[in-house]
Amino acid sequence: MSTEKALIEALSALVTGPPRPVIDVVFSSWIRVDGPVGELYVAFGEKGVNFIRAADAVEHDAITFEETFRVALGKPLRHAEHPPAGLMPALHGRSASTVPVDLGHLTDFERDVLTATRRIPSGQVRPYGWVAREIGRPKAVRAVGTALGNNPVPVLIPCHRVVRSDGQLGEYVFGRAMKEDLLRAEKTNVDEVADLAKRKVFYLGSDTTHIVCYPSCAHARRITGPHRKGFRTIDAALTAGYRPCKHCRPAEVA
DNA sequence: GGGCGGGCGGGAG
DNA sequence: ACTCCCGCCCGCC
């Protein structure tokens with residue numbers, strides 16, 4: 001296509017296309033909303049939600065939120081009257097969200113990490129190593145932690161559901177306390193997971209199905225008492241003839 | 001059971 | 001381009 005033709009089409013689009021105020025392109029919008037635990041500042045542009053901070057976290061009023069946003073994204077913010085469509089159900093619902101999220105300024109690795117993290121169901125947790133394995137970089141465990149620490153949209157992309165392999169909850173952008181609060185708010189069995197970890201049990205299997213899960217997996221939680229077998233390592237479970245659950249994927253399916 | 005080094009991506013020189 | 005350093009980690013000793 002000639003340059004002239006492209007130019008003409010672009011210009012006609014400006015005249016005949018739907019109005020798209022320059023202000024919406026240059027600015028992102030912000031709004032303060034109720035989150036599952038406390039209030040949140042949420043920023044969003046045309047491509048989706050692009051930045052979230054906890055309102056009750058240290059020194060976060062609207063002014064500092066705008067400032068941290070400008071430093072992170074290099075754009076100014078203006079206040080919005082309404083949250084973007086789908087945001088509130090995504091923040092509060094238990095089903096997987098479909099709110100558009102703008103991860104445009106991240107690296108491929110960081111996007112992969114966040115995309116895999118987004119697939120962890122509400123009410124469940126996975127180790128950092130699980131995320132690494134899911135994105136095909138099984139040894140990049142610590143780098144996964146770094147990437148999650150850089151999650152621009154916490155809560156919405158649930159990096160609080162990624163925990164340490166030893167049963168501890170691990171670090172969190174808004175502090176460990178909020179990580180635990182968020183998990184409890186979505187009914188994760190944090191106490192049971194901790195109790196099991198204390199006994200060095202990190203996997204649960206059923207001796208009737210011979211399927212092994214992470215302890216927070218919805219399937220593991222339905223194994224009735226006498227059939228519940230605990231394992232310290234996934235290898236121990238596989239050696240005992242169990243196969244990894246297809247939902248929580250505690251190991252690659254052989 | 002904690003300490004230590006391996007491992008990896010990203011950003012700052 | 002290369003090196004160095006840091007970070008929501010992991011598993012062995």
Side-chain angles (χ1 to χ4, degrees), chain A residues 35-38 40 50-54 56-58 60 68-74 101-186 188 190 193-203 212 214-216 230-239 244 248-252:
Chain A
V37 172
L40 302 170
N50 51 23
F51 202 66
I52 295 180
R53 297 287 101 168
D56 6 354
V58 254
H60 265 98
T68 45
F69 178 86
R70 183 165 33 241
V71 169
L73 279 291
V101 167
D102 180 9
L103 303 176
H105 58 290
L106 299 180
T107 66
D108 288 346
F109 177 82
E110 289 169 326
R111 263 196 300 276
D112 288 348
V113 166
L114 295 180
T115 302
T117 299
R118 218 179 181 188
R119 293 196 295 261
I120 306 171
S122 176
Q124 303 187 30
V125 292
R126 302 282 183 272
Y128 290 91
W130 177 90
V131 176
R133 187 155 39 74
E134 286 285 308
I135 65 173
R137 313 297 297 268
K139 288 187 284 195
V141 180
R142 194 159 186 180
V144 164
T146 305
L148 291 179
N150 196 32
N151 177 9
V153 288
V155 184
L156 189 52
I157 291 184
C159 60
H160 58 278
R161 294 180 196 152
V162 186
V163 300
R164 294 175 52 128
S165 63
D166 63 2
Q168 307 221 107
L169 295 187
E171 283 297 337
Y172 188 57
V173 235
F174 302 147
R176 293 160 181 267
M178 183 153 175
K179 190 170 191 173
E180 179 168 350
D181 291 346
L182 284 165
L183 291 174
R184 290 191 187 282
E186 50 194 41
T188 309
V190 285
V193 170
D195 287 346
L196 290 168
K198 209 170 298 175
R199 295 160 33 210
K200 300 296 175 215
V201 172
F202 300 108
Y203 304 89
V212 61
Y214 288 117
S216 67
F231 298 96
R232 178 174 187 160
T233 66
I234 189 63
D235 279 346
L238 299 180
T239 303
C248 64
R249 290 194 294 281
E252 309 222 4

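Lettering of chains follows the sequences in order, A, B, ..., and the numbering in each one begins at 1.
Summarising the geometry, the separation between CG on L182(A) and C1' on dC8(C) is reported as 14 Å, rounded to the nearest angstrom. Distance CZ (R164(A)) to C1' (dG2(B)): 11 Å, rounded to an integer number of Å. Remark: C1' of dG11(B) and NE2 of H105(A) are 15 Å apart, rounded to the nearest angstrom. At whole-Å resolution of the value, CD in E171(A) and P in dC9(C) are 6 Å apart. As a whole-Å value, the separation of E110(A) CD from dG11(B) C1' is 11 Å. Following rounding to the nearest Å, F109(A) (CZ) and dG11(B) (C1') show an atom-to-atom distance of 15 Å. Spacing between atom CD1 of I234(A) and atom P of dC10(C) amounts to 15 Å, rounded to whole angstrom units. Here dC9(C) presents its C1' atom at 11 Å from NZ of K179(A), a figure rounded to the nearest Å.
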Using the salt bridge (Lys or Arg N to Asp or Glu O under 4.0 Å) rule, take R111(A) and D108(A) through it: C-alpha gap first, then chi angles, then the decisive distance, then the call.
-> CA-CA 5 Å; R111(A) 263 196 300 276; D108(A) 288 346; 2.7 Å; yes
Let me see the working for R118(A) and L114(A) under side-chain contact (heavy atoms from CB on, under 4.5 Å), right down to the final yes or no.
-> CA-CA 6 Å; R118(A) 218 179 181 188; L114(A) 295 180; over 6 Å; no
Give the C-alpha distance, both sets of side-chain angles, the deciding distance and a yes or no for salt bridge (Lys or Arg N to Asp or Glu O under 4.0 Å) between E186(A) and R161(A).
-> CA-CA 10 Å; E186(A) 50 194 41; R161(A) 294 180 196 152; 2.6 Å; yes
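Nucleic acid contact for Y128(A): base, since at least one base atom lies under 4.0 Å from a heavy atom of the residue. Using a 4.0 Å heavy-atom distance criterion, G149(A) is classed as a base contact. Within the nucleic acid shown, V144(A) has no heavy atom closer than 4.0 Å to any nucleic acid atom.
When all heavy atoms of V173(A) and R53(A) are compared, the pair lying nearest together is CG1-NH1, 4.3 Å. The nearest pair of heavy atoms linking R249(A) to Y214(A) is O-CE1, 4.0 Å. In terms of heavy atoms, I234(A) sits closest to Y203(A) at N-CE1, 3.4 Å.
When distances run from any side-chain atom of L148(A) to the nucleotides dG11(C), dC8(C), dC9(C), the shortest one goes to dC8(C).
Y172(A) contributes no side-chain N or O that forms a donor-acceptor pair with the base of dC8(C) under 3.5 Å.
Applying side chain to side chain contact (heavy atoms under 4.5 Å, CB included) to V125(A) and the options L169(A), L183(A), I120(A) leaves one that passes, L183(A).
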Pairs under 3.5 angstrom, nitrogen or oxygen only, protein versus nucleotides 3-7 of chain C, please.
from	atom 1	to	atom 2	distance (Å)
dG7(C)	N7	R142(A)	NH2	3.1
dG7(C)	N2	T146(A)	OG1	3.2
dG7(C)	N3	T146(A)	OG1	2.9

A correct dot-bracket answer for DNA chain B, with pairs being Watson-Crick or G-U at under 3.5 Å, [ ] for crossing pairs and | for inter-strand pairs, is .|||||.||||||
